[in-house]
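Heads up: the structure comes next, in structure tokens.
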Amino acid sequence: MDVKPVRFEKVVSSGKTLGKISGKVVFCYGVLPKEIAEVKFVNEKKDYIEAELVSVIKPSKFRIPPKESHYLNCSPWQTINYDYQLELKKSITEEAIFQTVKRDIKLDFFYRANSIYGYRTKIEYKLEDSDKNLRYAFYKRGSKELVPLERGCALIEDKVNRVAYKLLDFINSLNIDKKVFDRFIFRKGKNGEVLGIIYLNCKIDKIILPKVENLVGLVVIAGDDKQIYGREFIEQDLLGAQIRYGYDCFFQNNIDLFSKVLEIVRSEINGARKIVDLYSGVGSIGLSLRDLADKIVLVESFRNSYLYSLKNIKALGARNALSILSESERVSEDVLKESDVIILDPPRAGVGKMLLEKILKALPGKIVYLSCNPITLGRDLSILLKRYTIKKIYGFDFYPNTVHTETLVFLER
């Protein structure tokens with residue numbers, strides 16, 4: 001493949017930096033705007049070229065040393081000064097919304113992270129077995145090639161990585177074919193508690209696990225077979241409420257900033273007769289408002305998250321809360337009727353068109369939309385803004401050292 005110097009111009013929504021050579025667009029991770037870098041062309045298309053960074057010839061004043069050698073495969077913005085990261089993210093978010101809404105919408109404020117490392121509550125490690133022992137690894141970005149890790153990843157707390165490596169050392173000591181192990185996932189709860197999940201390629205006999213400090217449970221999964229050692233859930237403190245979620249349930253990764261989101265949402269909801277929380281997961285957002293409404297309705301499609309929402313309702317004594325097992329897009333129009341507030345926290349694909357039509361039919365007084373994708377947020381806003389106006393809009397850096405952000409929008413009729 002060709003290796004050539006390229007001048008790069010700006011970061012795009014994917015997190016790659018765009019450059020040009022001989023009139024053709026080049027995309028590359030790990031390069032900053034205004035830098036000249038030597039890159040290797042790895043995938044040349046008709047209209048653009050995908051490249052890998054080889055070396056920086058003329059560095060940006062915002063470039064800093066990365067914390068980890070594998071940074072391009074987990075958090076390619078480790079080389080960007082944090083204040084500049086925030087500036088880029090704010091600009092990317094506003095531009096992505098503009099491209100779909102065709103309206104210049106500026107964020108009222110962009111909240112920075114308290115910590116730019118160790119913030120994640122979940123990490124997934126693949127397993128590399130070229131040596132006699134298994135090693136944790138990430139996929140090389142854009143390929144199926146595995147990149148072995150030195151001591152885990154800095155995006156999650158050191159305490160979790162210590163648990164991860166103690167468990168890996170034990171697995172390596174067993175007389176088991178290492179090829180049966182596919183991947184390990186670790187989830188961090190309150191007080192440093194860690195839950196481990198091991199995915200296998202085939203079923204194995206039960207194993208006697210060693211006692212590992214802070215490891216409160218381990219779930220071993222091979223197809224439909226599941227072995228549980230200790231707990232199969234983790235617990236998190238959100239604004240003083242203890243919320244439980246299962247090993248396979250979605251939960252936000254940055255607890256500090258998610259708690260800030262909940263505080264802001266509470267300040268905007270001054271009391272309501274009925275709040276409907278769609279894509280509700282285990283009930284984190286809706287249940288944080290349980291004292292501000294006569295009735296809270298949670299709607300969740302993933303069965304285990306739904307079951308944990310029932311447990312959280314009971315544990316919190318939220319007698320005014322009801323949970324429904326349903327795809328949010330297919331929820332009955334009766335559920336949305338007479339709602340004062342609808343909360344939307346969809347996956348990256350955004351809100352389904354069918355649901356948006358139901359919301360515009362129900363016309364609640366307020367909509368609270370928490371988005372992890374400014375592109376689909378803009379698409380959905382272009383529909384909602386036919387009947388609503390934006391009262392406030394905030395950005396949050398849930399994922400430092402990556403391009404990803406969260407956006408919180410308050411809409412009023």
Side-chain angles (χ1 to χ4, degrees), residues 67-71 73-75 115 117-140 144-236 244-255 304 308:
K67 191 177 181 72
E68 305 169 288
S69 60
H70 66 259
Y71 76 98
N73 308 300
C74 66
S75 44
S115 302
Y117 291 102
Y119 58 83
R120 289 189 66 91
T121 60
K122 178 183 177 183
I123 197 89
E124 178 173 331
Y125 293 136
K126 288 293 292 181
L127 293 163
E128 195 267 351
D129 63 354
S130 60
D131 195 1
K132 64 178 181 179
N133 285 329
L134 294 170
R135 295 186 294 175
Y136 288 131
F138 285 145
Y139 281 123
K140 183 178 179 181
K144 288 295 184 181
E145 180 185 340
L146 287 173
V147 178
L149 308 177
E150 295 165 5
R151 291 303 296 175
C153 183
L155 296 188
I156 202 158
E157 197 176 336
D158 285 343
K159 187 181 292 184
V160 179
N161 279 318
R162 287 197 293 272
V163 170
Y165 275 90
K166 284 181 181 177
L167 188 59
L168 185 63
D169 288 344
F170 170 73
I171 295 297
N172 277 323
S173 72
L174 298 176
N175 186 25
I176 297 177
D177 183 357
K178 304 302 188 291
K179 293 187 183 298
V180 306
F181 295 95
D182 178 47
R183 67 190 189 276
F184 285 27
I185 295 174
F186 296 94
R187 308 194 74 160
K188 179 185 72 172
K190 66 174 187 175
N191 304 322
E193 293 179 342
V194 179
L195 177 66
I197 306 102
I198 299 177
Y199 285 90
L200 305 175
N201 295 312
C202 61
K203 187 177 177 180
I204 61 173
D205 294 333
K206 286 186 178 292
I207 53 180
I208 299 174
L209 292 171
K211 185 172 178 58
V212 177
E213 185 180 4
N214 296 312
L215 183 66
V216 297
L218 185 68
V219 182
V220 181
I221 300 169
D224 295 330
D225 182 71
K226 181 171 68 175
Q227 301 173 25
I228 301 168
Y229 303 85
R231 291 185 352 207
E232 61 175 321
F233 66 86
I234 206 78
E235 196 168 57
Q236 195 59 254
R244 286 186 178 183
Y245 59 98
Y247 72 94
D248 55 352
C249 298
F250 170 79
F251 206 79
Q252 290 286 359
N253 257 304
N254 193 315
I255 298 305
N304 209 25
Y308 271 94

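We're numbering straight along the sequence, starting at 1.
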Can you find a pair of side-chain heavy atoms, one from F181 and one from N201, that are under 4.5 Å apart? no

CG (L215) and CZ (R162) are apart, to the nearest 0.5 Å, by 13.5 Å

Thinking salt bridges, do K178 and D129 make one under a 4.0 Å N-O criterion? no

Distance flag, aromatic centroids of Y245 and F250, threshold under 6.0 Å: no

Look up atom CG in L127 and atom CG in L168, then write down how far apart they are to the nearest 0.5 Å. 6.5 Å

Any side-chain heavy-atom pair from Y139 and V147 closer than 4.5 angstrom? no

Using every non-hydrogen atom in the two residues, find where R231 and V219 come nearest and quote the distance to one decimal. O-CG2, 4.4 Å

Taking C-beta and beyond as the side chain, do L200 and I221 meet within less than 4.5 Å on heavy atoms? no

Value rounded to 0.5 Å, distance of CD in E235 from CZ in F251: 10.0 Å

Testing the basics here: between A154 and Y117, what is the closest heavy-atom pair and its distance to 0.1 Å? O-CB, 3.4 Å

Could you tell me if the side chain of F184 sits less than 4.5 Å from the side chain of E124, heavy atoms only? no

Assess R183 against Y199: is NZ or CZ under 6.0 Å from the centre of the six-membered ring, and within 45 degrees of the ring's axis? yes

Kindly give the heavy-atom pair with the smallest separation between C202 and V180, and that separation in Å. SG-CG1, 3.5 Å

Thinking salt bridges, do E232 and K226 make one under a 4.0 Å N-O criterion? yes

Return the minimal non-hydrogen interatomic distance between A137 and E128, and the atom names on each side. CB-CB, 4.0 Å

Would you mind telling me which of V194, I197, L167 makes a side chain to side chain contact (heavy atoms under 4.5 Å, CB included) with L218? L167

If I take atom CG from residue L174 and atom CZ from residue F170, how far apart are they, to the nearest 0.5 angstrom? 4.5 Å

How long is the straight-line distance from NZ of K211 back to NZ of K166, given to the nearest 0.5 Å? 11.0 Å

Verify the ring-centre separation between Y125 and F138: is it less than 6.0 angstrom? yes

Min side-chain heavy-atom separation Y308-F233 under 4.5 Å: yes

Where do K126 and D182 come nearest, in terms of heavy atoms and distance? NZ-OD1, 2.7 Å

Got I234 and V216 here, is their nearest side-chain heavy-atom distance under 4.5 Å? yes

Ion pair R187/E193, N-O distance below 4.0 Å: no

Look at atom NZ of K67 and say whether more than 12 heavy atoms of other residues, nucleotides or ligands are closer to it than 6.0 Å. no

Ignoring hydrogens and geometry, is there a side-chain-to-backbone donor-acceptor pair from N161 to C153 under 3.5 Å? yes

Just how far is it from atom CZ of R135 to atom CG of L149, taken to the nearest 0.5 Å? 9.5 Å

Any R151 side-chain heavy atom under 4.5 Å of Y136 side chain: no

Residue pair Y229, V220: steps toward the side chain to side chain contact (heavy atoms under 4.5 Å, CB included) verdict: CA-CA 8 Å; Y229 303 85; V220 181; 3.7 Å; yes

Looking only at heavy atoms, the pair that brings E68 and G152 closest together is OE2-O, 3.9 Å

Test side chain to side chain contact (heavy atoms under 4.5 Å, CB included) on K140 and L146 and set out the steps. CA-CA 6 Å; K140 183 178 179 181; L146 287 173; over 6 Å; no

Determine, step by step, whether E157 and K188 satisfy the side chain to side chain contact (heavy atoms under 4.5 Å, CB included) criterion, reporting the C-alpha distance in whole Å, the side-chain angles of both residues, the deciding distance to 0.1 Å, and the verdict. CA-CA 9 Å; E157 197 176 336; K188 179 185 72 172; 3.1 Å; yes

Pair Q236-T121, side-chain donor/acceptor within less than 3.5 Å: no

